[in-house]
Every structure is written in structure tokens, then in C-alpha cells.
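Below are the C-alpha cells for one structure; questions will follow.
These numbers were taken from a predicted model, which means no experiment stands behind them.
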Amino acid sequence: MVSFWALQSYNPFLNLLIGIIYFIGVTQLGRLLLKLFLPNLPDPFRNVLAVLLGFLVMSATMNFLSICFWINRVTIYTTNGIVFFLFLLTGYQKIPSCYSYLKKLKFNYAKPTLLSGLVFVLTILPILYYVLLPTTKIDDLHYHMPPVQYISMEGGYTYPHQYLRNPAFMIYSMAQIPIVYFGFPDSASVISLLFWLVIVYFSHQILRKFDLTIRLLAGAILIVGLYSIVQATPSSTVFSSLSVVLLVVLFAERDLIIKHSSLNNFCWAWAIAANAAAIGKISLVILTVFLSLVVLYDIMRHRKASWHILFAFLLPTMIFYLPTLVWTYAHVGTFWGPIMADIFPYHKFSPEEIRIAKTMPLKNMNEVTINIMKYNLINFSLIKLLAIIFLFFSTISKKIKIDLLVACLSTAVCFQYLGNAVELRYWGSIDNAFFILTLLYIPTSWKLQLQRPKTQLAIIALGVLPYLSTMYYYITNLNPIPFFNEEAKKTFFSKFVPYYADYQALNKVLPKNAVLFFPEGNVNIVYAPRKLYVYTKDIHQDSLLYIITSSLQKQPQHHTIQAQQYEKGEKIYENQNSYARTYRTPNQARKTAILEVHKLQKIKLLP
């Protein structure tokens with residue numbers, strides 16, 4: 001797999017540079033498209049939308065190339081060349097204006113501002129350190145990163161069977177193909193950090209009525225907490241967070257935006273942001289649909305609407321969302337994998353797969369409520385949680401309050417039915433969106449209170465420092481720092497990359513054309529030395545196949561490949577003390593397992 005080879009020469013600072021260049025270049029692509037099609041959209045909405053549109057266009061482009069099996073050196077190097085040119089173009093356009101801005105900038109050396117600035121920097125540093133590390137989160141290793149790596153290696157849209165459970169969840173990841181093919185899969189984590197910074201930029205610009213001290217504190221609150229660290233990975237989570245922030249503020253400010261721009265511009269902006277939210281996290285499809293229905297009803301009822309409005313709402317969905325759903329339907333007979341399989345008569349999923357897909361979300365409902373509350377409070381700042389309540393006491397219009405309340409309650413009912421309502425992470429960054437709106441429409445008396453130094457110190461003490469301390473406590477476990485010497489790198493990889501030592505050993509004994517099979521394992525796929533599959537249906541008949549068995553992993557009965565066409569042959573590897581589960585959480589010990597690897601031999605099936 002790509003990450004296995006990338007790990008051998010891992011350079012955090014080169015990953016940082018590649019991530020920054022790629023992010024700026026793709027954003028410039030979005031900016032040029034907005035300038036061409038939506039010239040009157042006001043700032044800061046324009047700049048945030050440029051980020052989302054750039055990555056959506058890159059995702060759609062890679063999606064098209066993957067479907068056509070045109071992922072190769074020519075297309076990827078051409079794409080990266082265009083992105084690098086756009087990066088240089090951004091520098092040519094922005095560096096003179098940035099230099100002029102810095103020249104005129106007057107620094108505020110007041111103690112409250114310096115303190116707020118220091119707090120803001122301290123919230124950034126642990127996330128920066130985290131994204132410079134190789135990816136070790138099991139969700140990313142098992143299902144966020146592998147589809148892109150398979151496509152990069154095979155040149156086309158060959159989603160392995162396990163990803164067809166929720167294929168639309170992988171759309172954003174397609175935008176990472178150019179850097180993954182280039183050999184920098186972990187640069188996607190740097191891009192996630194930059195998405196967080198765009199959220200901060202958006203709040204900084206939209207809260208211009210406050211002085212710099214308050215805006216710096218707001219920026220710190222927006223990204224403080226463990227959630228900001230653990231989700232700064234190659235997954236689509238922070239992309240969806242940025243999308244939700246933009247979407248909710250667009251919803252609340254739609255009258256003002258239409259007044260200063262146009263109804264047509266707003267509809268296009270809304271459709272792009274709504275698609276980005278839905279693509280970033282499947283659970284946000286529900287909230288996005290409710291908000292979109294309210295907006296569309298409001299437009300059709302109170303404004304002069306035309307077919308252009310409906311076209312603006314639907315076209316981004318047809319470009320960015322529909323192709324993956326159609327591809328999924330063509331290959332497995334449903335649009336959403338096994339979740340909707342009962343509706344379609346000719347699906348290709350077994351009853352067991354459908355049962356697992358439908359019962360998996362309900363696991364959260366079995367958790368104790370107090371533990372869920374602890375999870376939310378540790379991962380999300382209490383100030384942002386209170387902002388969700390305080391928004392309804394702000395000066396925002398009564399209609400917007402009712403609309404948001406109805407949309408959120410309707411979404412909560414649907415989440416409750418699916419078993420996911422209890423955790424804030426299923427809502428994207430709606431807490432950040434409500435926090436920004438609460439400040440934007442804060443009553444005058446509250447605003448005056450915020451200007452007082454004692455209030456600011458209380459905010460830092462109660463709303464920032466406890467969560468900041470958990471962030472630093474969390475990263476203290478992520479040592480030794482694997483940046484400067486090879487010994488530290490190997491120690492770090494051994495501690496936090498599951499099966500690292502086993503994969504290194506297997507690389508020496510496996511043939512180059514070997515294929516590994518780990519039956520339905522929730523395992524580290526991307527650091528495997530060869531292609532690794534967990535479903536029988538992914539295995540090609542002519543594969544040189546080796547099966548991995550672990551004492552920690554229960555072997556499923558409904559996908560036992562060796563009982564169908566193969567039998568275990570020669571044992572080529574065994575480890576009695578394999579590190580099968582590694583944890584970044586402090587004081588949580590690694591889990592060991594007995595690992596065996598056998599060659600699988602074909603058997604002749606009786607007619």
C-alpha cells in the first residue's frame with residue numbers, strides 16, 4: 001500500500017509543505033471559478049466558499065478520471081502541475097498585498113490582546129504537532145484512506161467491497177488522489193489543520209464589530225478541545241465542519257447576502273455549501289435537507305423565483321454527489337450500499353451484511369448517558385455548548401430562531417431513530433456555527449460585558465484552559481518525537497502503527513504480487529506491505545493469496561474464503577506477541593495477539 005512505502009522515508013516538514021501548496025493551489029482553483037460564475041458574492045463568504053468549491057471540483061475531477069480508469073502518471077502529474085501553477089499565481093497576487101497590509105499593520109501591545117494571542121497560538125501548536133505525525137487513527141487506516149490508495153495503485157474506481165457500506169462517505173477523499181499518488185498521503189492531515197484555520201478566519205472576518213482581543217479568544221474557543229486534534233486527519237470530518245459553519249451562517253444571513261449580492265448568487269452558494277456538508281459527513285445529509293427545504297420554501301413564497309433557482313439548487317448535486325451514487329447502484333444494486341438494500345430487489349448484499357449495516361449505528365444507544373456527556377464535555381468546549389442555548393436569547397430574528405430550532409429538532413428525531421443523536425460529532429461543527437452566530441447577534445449589554453478584562457480572564461480560565469490542558473496531556477503520549485532521527489521514528493511507528501513490525505517482516509518474505517486477506521478485520525490496511533482485503537468479494541481469482549489470522553479477531557462465518565475455494569497451506573509467518581491494537585490515549589496499553597500468515601491454496605470444487 002502507498003502509506004507503507006511513504007513511511008520508509010517519512011519527512012514531516014515535506015508533508016507540511018506539500019499540504020500547504022496543495023491547499024492553496026486547490027483554493028485558488030475555487031477562487032477563479034467563483035470569480036467567473038459568482039462575481040458579486042460578498043466576503044468572507046466568497047473566500048470560504050472558494051476553499052469548499054476547489055476541493056469539490058478536485059474531487060469530481062478525480063472521480064471522473066477514476067471511473068474512466070485514467071489515473072496515471074500523465075493525468076496526476078498534469079493535475080499537480082496545474083495546482084502548483086495556481087499556488088504560484090496565488091503568491092504572485094497575494095504577496096504584494098500581504099506585504100502592504102503588514103507594513104500598515106499596527107500591533108496592539110495591550111496585555112489583554114497579547115494574552116489572547118498567546119492563548120490562540122497555544123491552541124494551534126498541539127494540532128500542528130499532531131498533523132505532522134504519521135496517521136495512526138484506526139478509522140483512517142481502515143476505511144478513510146484505503147479507497148484512495150487502491151485507486152492510486154490500480155488506476156481506477158475499484159472500491160473494495162467494504163467501502164460500499166457507505167460509498168458517499170468517501171467522495172471528499174477522492175480530492176486527495178493527486179497527493180497520495182505523489183507519495184504524500186499524510187499531507188491530507190495538514191489540509192485538515194488548514195480547514196480549521198479557515199473556520200477561524202471566517203469568524204475573525206464576520207465578527208469585525210469586536211476588537212482583536214475578543215476575536216483571538218473566539219478563534220481559540222473554536223478549535224480548542226480533543227475533537228480538534230483527533231479529527232485533524234485525512235478524513236472528511238474537518239471539511240464537513242467548515243461546510244456546516246458556512247451553511248448555518250448562510251442560512252441566518254440569507255436576507256443580507258441576497259440584498260448585497262443577488263438571489264441567484266445566494267442559491268449557488270447555498271447549493272455548493274450544502275453539497276460540501278452532505279459529502280463531508282453522511283449524518284449531515286439530514287440537517288442539510290431540512291435547512292435546504294426551509295430556504296427553498298422561503299424563496300418560493302416571498303421572492304420572485306424561476307427555474308434558474310431550482311437549477312442552481314440541483315446542478316452541484318448532479319456534479320459532485322450523483323456520480324458516486326450512480327456508480328454504486330450500477331455495481332451493487334443500491335445507492336447507499338446495504339443500508340437501503342431492502343428497497344431494491346436486485347442488490348448484491350447478503351442478509352448478514354444488511355443486518356450488520358443496520359445495527360451498527362445503534363451501538364451508541366447502548367452506552368451509558370453519563371459517559372456520552374463526559375465525551376461531549378471533554379471534546380467540545382462548554383462555552384460552545386452554551387452558545388447553542390444562548391443563541392435563542394440573542395438579537396437574531398425570531399423567524400431564524402424558529403427555523404433553526406425546527407430544523408435541529410427534526411434532525412434530532414431522525415438521529416434518534418438511527419441511534420446517533422447523543423454525540424455532537426454526528427452534527428459536524430454546528431456548535432461552532434451557533435457560537436459564531438451568538439457572538440454576531442449578541443445583545444449590547446453582553447457585548448459590553450465581554451470587553452471587560454475580568455470577563456476575558458474568566459473565559460480563558462473556564463472555557464479554554466481546561467480543554468487546552470487535555471490537548472497537551474493527550475499529545476504527551478505521542479512520543480518520542482519522530483522528526484529528527486531514524487531510531488525515534490522506528491520507536492514511534494512500533495508504538496502507534498498496528499502490526500508495524502509484522503508488516504515490516506512480511507515485506508521481506510512475501511512475493512511482490514502477493515495479496516493479503518484478513519477476513520472482516522477492523523485493521524490497519526494502509527500500512528500493509530501489499531494489497532490487503534477484508535472481504536471475499538474483493539479477491540480476484542488469479543490472486544497469489546495469503547491469509548492473516550489473529551487471536552484478537554473473530555473469524556466471520558459468512559465470508560470464509562478458504563471454505564469456498566481455498567485451503568490453508570504453508571505457514572510463512574508467526575508472531576506470538578503482535579501489537580494488534582495501539583492507542584494514542586495516555587495510559588491505555590496496547591493489545592497483543594497471536595498473528596499467523598498462511599498461503600492459501602486453491603482446491604477443486606466438486607461439480
Give, for atom CG of Leu65 and atom CD1 of Ile177, the distance between the pair rounded to the nearest 0.5 Å.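 Between atom CG of Leu65 and atom CD1 of Ile177 there are 8.0 Å.
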Closest contact, heavy atoms only, Ile572 versus Leu510: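 Looking at all heavy atoms of both residues, the shortest contact is CD1-CD2, 3.5 Å.
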Does the Glu574 side chain pair with the main chain of Val597, one donor and one acceptor, at a distance under 3.5 Å?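 Pair absent, no side-chain N/O of Glu574 close to backbone of Val597.
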Under 3.5 Å, is there a donor-acceptor pair between the Tyr157 and Thr324 side chains?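 Short answer, yes.
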First locate atom OG1 of Thr582, then atom CD of Gln588, and finally report the distance between them rounded to the nearest 0.5 Å.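 Reported value, rounded in 0.5 Å steps: 10.0 Å.
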Shortest non-hydrogen contact from Ile525 to Tyr150?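 Answer, listing the atom of Ile525 first, then Tyr150: CG2-OH, 3.7 Å.
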For the CE atom on Met153, are there more than 12 heavy atoms of other groups (residues, nucleotides or ligands in this structure) within a distance under 6.0 Å?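 Buried by this count: over 12 neighbours within 6.0 Å.
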Looking only at heavy atoms, which two atoms of Leu86 and Gln28 are closest? And how far apart?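 Looks like O-CG, 3.6 Å.
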Within the structure provided, determine whether Leu133 and Phe483 are in side-chain contact (heavy-atom separation under 4.5 Å).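 Counting from C-beta outward, Leu133 and Phe483 do come under 4.5 Å.
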Is there a donor-acceptor pair closer than 3.5 Å between any side-chain N or O of Ser59 and the backbone N or O of Ile171?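 Between the backbone of Ile171 and the side chain of Ser59 there is a qualifying donor-acceptor contact (under 3.5 Å).
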Taking the side chain as every heavy atom from C-beta outward, state whether Tyr172 and Lys281 have any atom pair closer than 4.5 Å.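 SC-SC contact between Tyr172 and Lys281 ruled out.
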Quick one: are Phe492 and Asn479 in side-chain contact, heavy atoms under 4.5 Å?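 Phe492 vs Asn479: side chains apart.
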Lys137 atom NZ, neighbour heavy-atom count above 12 within 6.0 Å: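 Yes, because the 6.0 Å sphere around NZ of Lys137 holds more than 12 heavy atoms from other groups.
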Between Thr123 and Phe120, is there a donor-acceptor pair closer than 3.5 Å when you use the side chain of the first and the backbone of the second?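 Pair found, side chain donor or acceptor close to backbone of Phe120.
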Flag yes if more than 12 heavy atoms outside Phe13 fall under 6.0 Å of its CZ atom; otherwise flag no.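 Buried by this count: over 12 neighbours within 6.0 Å.
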Give me the one residue out of Thr75, Ile76, Thr79 that meets side-chain contact (heavy atoms from CB on, under 4.5 Å) with Tyr181.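 Exactly one candidate clears the test, Ile76.
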May I ask you to check whether over 12 heavy atoms, not counting those of Leu88, lie within 6.0 Å of atom CG?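 Counting other residues, nucleotides and ligands, CG of Leu88 exceeds 12 neighbours.
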Euclidean distance, Arg581 CZ relative to Lys591 NZ, rounded to 0.5 Å: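 Answer rounded to 0.5 Å: 7.0 Å.
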State whether a side-chain donor-acceptor pair under 3.5 Å links Ser66 with Asn63.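 There is no such pair (donor and acceptor under 3.5 Å, judged by atom type) between the side chains of Ser66 and Asn63.
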Counting only heavy atoms from other residues, nucleotides and ligands, does the tally under 6.0 Å from CD of Glu487 exceed 12?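 At most 12 heavy atoms, drawn from other residues, nucleotides or ligands, come within 6.0 Å of this atom.
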Ile547 vs Leu516 side-chain heavy atoms within contact, under 4.5 Å: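 Heavy-atom side-chain distance check fails, nothing below 4.5 Å.
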When you compare the side chains of Thr135 and Asp140, does any donor N or O come within less than 3.5 Å of an acceptor on the partner?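 Note: Thr135 and Asp140 side chains miss the donor-acceptor criterion.
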Indicate yes or no: at least one non-hydrogen side-chain atom of Glu596 is less than 4.5 angstrom from one of Ile548.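 They are not in contact (no side-chain heavy atoms under 4.5 Å apart), so the answer is no.
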List in chain and number order the residues that pass ring-ring contact (aromatic ring centres under 6.0 Å, His included) with Tyr10, two or more places apart in sequence or in another chain; answer none if no residue qualifies.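 With sequence neighbours excluded, Tyr10 shows a ring-ring contact (aromatic ring centres under 6.0 Å, His included) to no residue whatsoever.
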I need the minimum non-hydrogen distance between Ala580 and Tyr499, along with the two atoms involved.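 Looking at all heavy atoms of both residues, the shortest contact is CB-OH, 3.3 Å.
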Got a second to check how far Ile279's CD1 is from Leu56's CG, nearest 0.5 Å?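 Separation between the atoms: 5.0 Å.
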Verify side-chain contact (heavy atoms from CB on, under 4.5 Å) between Met58 and Val83, making sure each step is shown before the conclusion. CA-CA 10 Å; Met58 184 60 71; Val83 169; 3.7 Å; yes
Heavy-atom side-chain contact between Pro126 and Tyr474 under 4.5 Å: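 Contact flag for Pro126/Tyr474 side chains = no.
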Shortest non-hydrogen contact between Leu226 and Thr470, atoms and distance: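 Taking every non-hydrogen atom into account, CD2-O, 3.7 Å.
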Does Asn507 use its side chain to pair, donor to acceptor, with the backbone of Tyr503 at less than 3.5 Å?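 No, because the side chain of Asn507 does not come within donor-acceptor range (under 3.5 Å) of the backbone of Tyr503.
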Under a 3.5 Å distance rule, please check whether Ser551 uses its side chain to pair with a backbone N or O of Ile594 as donor and acceptor.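 Yes; at least one donor-acceptor contact below 3.5 Å.
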Can you check whether Thr27 reaches Phe23 side chain to side chain, under 4.5 Å on heavy atoms?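 Yes, their side chains come closer than 4.5 Å.
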Any idea how Trp327 and His331 line up, ring-wise: parallel (<30°), tilted (30 to 60°), or perpendicular (>60°)?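 Geometry flag for His331 against Trp327: parallel rings.
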Answer yes or no: are there more than 12 heavy-atom neighbours, outside Tyr472 itself, under 6.0 Å from its atom OH?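 Counting other residues, nucleotides and ligands, OH of Tyr472 exceeds 12 neighbours.
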Could you tell me if Asp186 and Asn15 have a donor-acceptor pair between their side chains, going purely by distance under 3.5 Å?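 The answer is no; no qualifying pair exists.
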Between the main-chain N or O of Arg584 and the side-chain N or O of Asn477, is there a donor-acceptor pair closer than 3.5 Å?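 Side chain of Asn477 to backbone of Arg584, a donor-acceptor pair under 3.5 Å: yes, one is there.
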Side chains of Asn513 and Arg530: donor-acceptor distance under 3.5 Å anywhere?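 Side chains of Asn513 and Arg530: no pair found under 3.5 Å.
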Over 60° means perpendicular and under 30° means parallel, so classify the ring planes of Phe55 and Phe195, tilted if in between.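 The arrangement is perpendicular - the two ring planes meet at more than 60°.
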Is the backbone of Met1 close enough, under 3.5 Å, to the side chain of Gln149 for a donor and an acceptor to pair up by distance?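 Looks like no, no N/O pair under 3.5 Å.
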Please find out if less than 6.0 Å separates the ring center of Tyr500 from that of Phe493.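 For Tyr500 and Phe493, the ring centres are under 6.0 Å apart.
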Can you check side-chain contact (heavy atoms from CB on, under 4.5 Å) on Leu49 and Ile272, steps first, answer last? CA-CA 8 Å; Leu49 200 66; Ile272 293 169; 3.8 Å; yes
4.5 Å side-chain heavy-atom contact, Trp196 and Asn432: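 Yes. Closest side-chain heavy atoms under 4.5 Å.
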State whether the side chain of Lys384 and the backbone N or O of Leu222 hold a donor-acceptor pair below 3.5 Å, judged by distance alone.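 Flag set: sc Lys384 to bb Leu222 pair under 3.5 Å.
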Listed partners of Lys489 passing side chain to side chain donor-acceptor pair (under 3.5 Å), at least two apart: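 Applying side chain to side chain donor-acceptor pair (under 3.5 Å) to Lys489 gives none.
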Which distance, rounded to the nearest 0.5 Å, do you find between the CG of Leu52 and the CG of Leu242?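 Reported value, rounded in 0.5 Å steps: 4.5 Å.
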Go through Val285 and Tyr321 one step at a time and tell me if the side-chain contact (heavy atoms from CB on, under 4.5 Å) criterion holds. CA-CA 11 Å; Val285 172; Tyr321 209 66; 3.7 Å; yes
Ring center gap for Tyr77 and Phe182 short of 6.0 angstrom: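 Here the rings of Phe182 and Tyr77 have centres that are less than 6.0 Å from each other.
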Enter the distance from Leu29:CG to Ile82:CD1 here, rounded to the nearest 0.5 Å.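 Going from the CG atom of Leu29 to the CD1 atom of Ile82 covers 8.5 Å.
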For the pair Asn575 (side chain) and Leu595 (backbone), establish whether a donor and an acceptor sit closer than 3.5 Å, ignoring hydrogens and angles.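 Flag not set: sc Asn575 to bb Leu595 has no pair under 3.5 Å.
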Worked check of side-chain contact (heavy atoms from CB on, under 4.5 Å) between Val515 and Leu544: CA-CA 6 Å; Val515 174; Leu544 183 58; over 6 Å; no
If we count only N and O atoms by modelled type, under 3.5 Å, do the side chains of Ser192 and Gln231 hold a donor and an acceptor together?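 Side-chain D/A pair, Ser192 to Gln231: absent.
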Does the ring centre of Phe518 sit less than 6.0 Å away from the ring centre of Tyr533?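 For Tyr533 and Phe518, the ring centres are not under 6.0 Å apart.
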Ring geometry between Phe335 and Tyr329 (parallel below 30°, tilted from 30 to 60°, perpendicular above 60°):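 Rings of Tyr329 and Phe335: parallel, under 30°.
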